[in-house]
Amino acid sequence: MLEIKQNFDLQKYNTFQVKANAKYFVSISSDQELLDLLRDKKYKSTAKLILGEGSNMLFINNFDGLIIHTQQKGIVIESETESDIVVRASAGENWDNLIAYCVQKNWGGLENLSLIPGLVGSSPVQNIGAYGVEAKDCITSVHAIELKTGKKRIFSNEECNFSYRSSIFKYSEKGKFVITAVSFRLSKVNHSLKINYGAIEKTLSQYENKNISTVRQAVIQIRQSKLADTEEHPNAGSFFKNPVITNKKAEKLSGKYPDLPSYPTHDRTKIKIAAGWLIEKAGWKDNPSEKVCVHHGQALVLINTKQANGEEILEFAKKIQADISTKFDIFLDIEVNIIHTK
């Protein structure tokens, strides 16, 4: 029987370590447990929030509803050919553990996404990405259960409507489904390495061979040198998205700031630029507040230094947004999920 906890402390369940409570909290370890929960009339009309490791969310206040903590485990092979393999991972699997498993098996495709915090079930919601690779590049399908009806559904890659740090699960279908598993198509031979993004190629020069294993090692090395450990420095990873602007605007900025980092996009009329560079250039690394500050290694990361609450962290982020807008005429979108429910 499921144990529904009341007035549950969420501080250890969000990497910002913000103090907040959930009216109800339950851990789910199987699809059947989830279906049993959804059939319980007591919680039919209760607001629900799906929670993994809490690595990409900010609680502004208490959650007046039911938090469903995803813990489904398992990795299985759906199909396999001589050249590739489709692997289905349960939503409660740790994301980096999945990549470590795949790299050990010599299955390529996800190695650039190493060490991103969170669970597998969160990967399609944000369409997580790093170093020129996005989850959508490998996802074949997303397995889910509709909260309202309890019906199972499988979304194809196309149906997920993936875009930069986005999917239908973040917007049009937000809060309507619980993702139970994700399927990925990975290569078994002739791995196409993506190493020309960021510092990967330079870091790889330290290794004798270039393969998915050394790419993973290089990515881990880079991330560990730049990003803050959530235990020592409470944070939610990249707080803002890298802005995508027109070529014309990028050329104008590059004329003024020749060192502006920029990256191509699928749209040839637009360029992606580094939000962290903008924040650092605006002086926020040297302008910490009492409770919240910008991480010294990566300006995209906001640190909860002295037990700030959610509102204080969000206000600090809004000040950065306003400053970047004033100085560069660029609006920084927030990547972290802001949970406003009381």
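Computed over heavy atoms, backbone and side chain alike; hydrogens, waters and symmetry mates excluded. Residue numbers run from 1 in the order of the sequence given.
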So, taking the atom named [atom1] in [X] and the one named [atom2] in [Y], what distance separates them when rounded to the nearest 0.5 Å?
{"X": "Asn337", "Y": "Ile339", "atom1": "CG", "atom2": "CD1", "result": "5.5 Å"}
{"X": "Glu173", "Y": "Asn161", "atom1": "CD", "atom2": "CG", "result": "10.5 Å"}
{"X": "Ile154", "Y": "Ser141", "atom1": "CD1", "atom2": "OG", "result": "6.0 Å"}
{"X": "Leu119", "Y": "Ser55", "atom1": "CG", "atom2": "OG", "result": "7.0 Å"}
{"X": "Thr214", "Y": "Ile200", "atom1": "OG1", "atom2": "CD1", "result": "10.5 Å"}
{"X": "Ser114", "Y": "Arg216", "atom1": "OG", "atom2": "CZ", "result": "4.0 Å"}

Between [X] and [Y], does any side-chain donor sit less than 3.5 Å from a side-chain acceptor?
{"X": "Asn62", "Y": "Asn21", "answer": "no"}
{"X": "Glu146", "Y": "Thr149", "answer": "yes"}
{"X": "Thr140", "Y": "Arg185", "answer": "no"}
{"X": "Gln221", "Y": "Gln206", "answer": "yes"}
{"X": "Lys23", "Y": "Gln6", "answer": "no"}

Handout entry: Listed once per pair and sorted, the salt bridge (charged side-chain N to carboxylate O under 4.0 Å, His left out) pairs that draw on residues 99-115, sequence neighbours left out
Key = none
Exercise for the section: May I have all residue pairs that pass salt bridge (charged side-chain N to carboxylate O under 4.0 Å, His left out) and include part of residues 322-334, sequence neighbours excluded? Expected result: Lys249-Asp329, Asp323-Lys327
Only counting residues at least two apart or in another chain, list the ones meeting side chain to side chain contact (heavy atoms under 4.5 Å, CB included) with [X].
{"X": "Ala236", "result": "Thr15, Phe16, Val336"}
{"X": "Val294", "result": "Ile279, Trp284, Lys285, Ala299, Leu302, Phe316, Ile320"}
{"X": "Gln104", "result": "none"}
{"X": "Leu35", "result": "Gln32, Arg39, Ile145, Lys152"}

Practice task
State plainly whether the residues Glu134 and Lys136 are in salt-bridge range, i.e. N to O under 4.0 Å.
Solution key: yes
Completion exercise
When Tyr197, Tyr131, Tyr164 are each screened for ring pair (Phe, Tyr, Trp, His ring centres under 6.0 Å) with Tyr263, the one that passes is Tyr197
What heavy-atom pair brings [X] and [Y] nearest, and what distance separates the two atoms?
{"X": "Ser166", "Y": "Lys170", "value": "CA-CD, 4.5 Å"}
{"X": "Leu204", "Y": "Lys210", "value": "CD1-CG, 4.4 Å"}
{"X": "Val292", "Y": "Ala308", "value": "CG2-CB, 3.8 Å"}
{"X": "Ala47", "Y": "Phe63", "value": "O-CE2, 3.8 Å"}

Any non-hydrogen side-chain atom of [X] less than 4.5 Å from a side-chain atom of [Y]?
{"X": "Val125", "Y": "Lys174", "value": "no"}
{"X": "Leu2", "Y": "Glu33", "value": "yes"}
{"X": "Ile273", "Y": "Ile330", "value": "yes"}
{"X": "His143", "Y": "Ser183", "value": "yes"}
{"X": "Ile85", "Y": "Lys188", "value": "yes"}
{"X": "Leu115", "Y": "Ile99", "value": "no"}
{"X": "Val142", "Y": "Arg153", "value": "no"}
{"X": "Ser167", "Y": "Glu159", "value": "no"}

Handout entry: Under 4.5 Å side-chain linkage, directly or through intermediates, the cluster mates of Ile303
Key = Leu227, Val301
Quick check: does any side chain N or O of [X] sit under 3.5 Å from a backbone N or O of [Y], one acting as donor and the other as acceptor?
{"X": "His69", "Y": "Gly52", "value": "yes"}
{"X": "Asn127", "Y": "Ser163", "value": "yes"}
{"X": "Thr70", "Y": "Ala91", "value": "no"}
{"X": "Gln126", "Y": "Ile128", "value": "no"}
{"X": "Asn112", "Y": "Gly132", "value": "no"}
{"X": "Thr326", "Y": "Ala322", "value": "yes"}
{"X": "Gln17", "Y": "Thr230", "value": "yes"}
{"X": "Thr203", "Y": "Ala199", "value": "yes"}
{"X": "Arg165", "Y": "Gly129", "value": "yes"}
{"X": "Asn242", "Y": "Ala275", "value": "yes"}

Handout entry: Exceeds 12 heavy-atom contacts within 6.0 angstrom, atom NZ of Lys248
Key = no
Practice task
Using a cut-off of 6.0 Å, state whether more than 12 heavy atoms not belonging to Asn190 lie near its atom CG.
Solution key: no
Handout entry: Pairs where residues 43-54 contributes a residue and the test side-chain hydrogen bond (donor to acceptor under 3.5 Å, both in side chains) is met, not counting sequence neighbours
Key = Glu53-Asn94
Exercise for the section: Please collect all ring pair (Phe, Tyr, Trp, His ring centres under 6.0 Å) contacts where either partner lies in residues 198-247, sequence neighbours excluded, each pair once. Expected result: none
Problem - Steps toward side chain to side chain contact (heavy atoms under 4.5 Å, CB included) verdict (Tyr257, Trp277) - result: CA-CA 11 Å; Tyr257 305 103; Trp277 183 93; 3.4 Å; yes
Exercise for the section: Please say which of Asn235, Asn14, Ile313 ends up in a side-chain contact (heavy atoms from CB on, under 4.5 Å) with Asn304. Expected result: Ile313
Practice task
Show the numbers, then the answer: is there a side chain to side chain donor-acceptor pair (under 3.5 Å) between Thr269 and Asp267?
Solution key: CA-CA 5 Å; Thr269 67; Asp267 184 343; 2.7 Å; yes
Exercise for the section: Please assess Glu312 against Lys291 for the test salt bridge (Lys or Arg N to Asp or Glu O under 4.0 Å), listing each intermediate value before the final yes or no. Expected result: CA-CA 8 Å; Glu312 290 169 326; Lys291 292 186 175 182; 3.3 Å; yes
So, using salt bridge (charged side-chain N to carboxylate O under 4.0 Å, His left out) as the criterion, who are the partners of [X] when residues are at least two apart?
{"X": "Lys151", "value": "none"}
{"X": "Arg88", "value": "Glu78"}
{"X": "Lys270", "value": "none"}

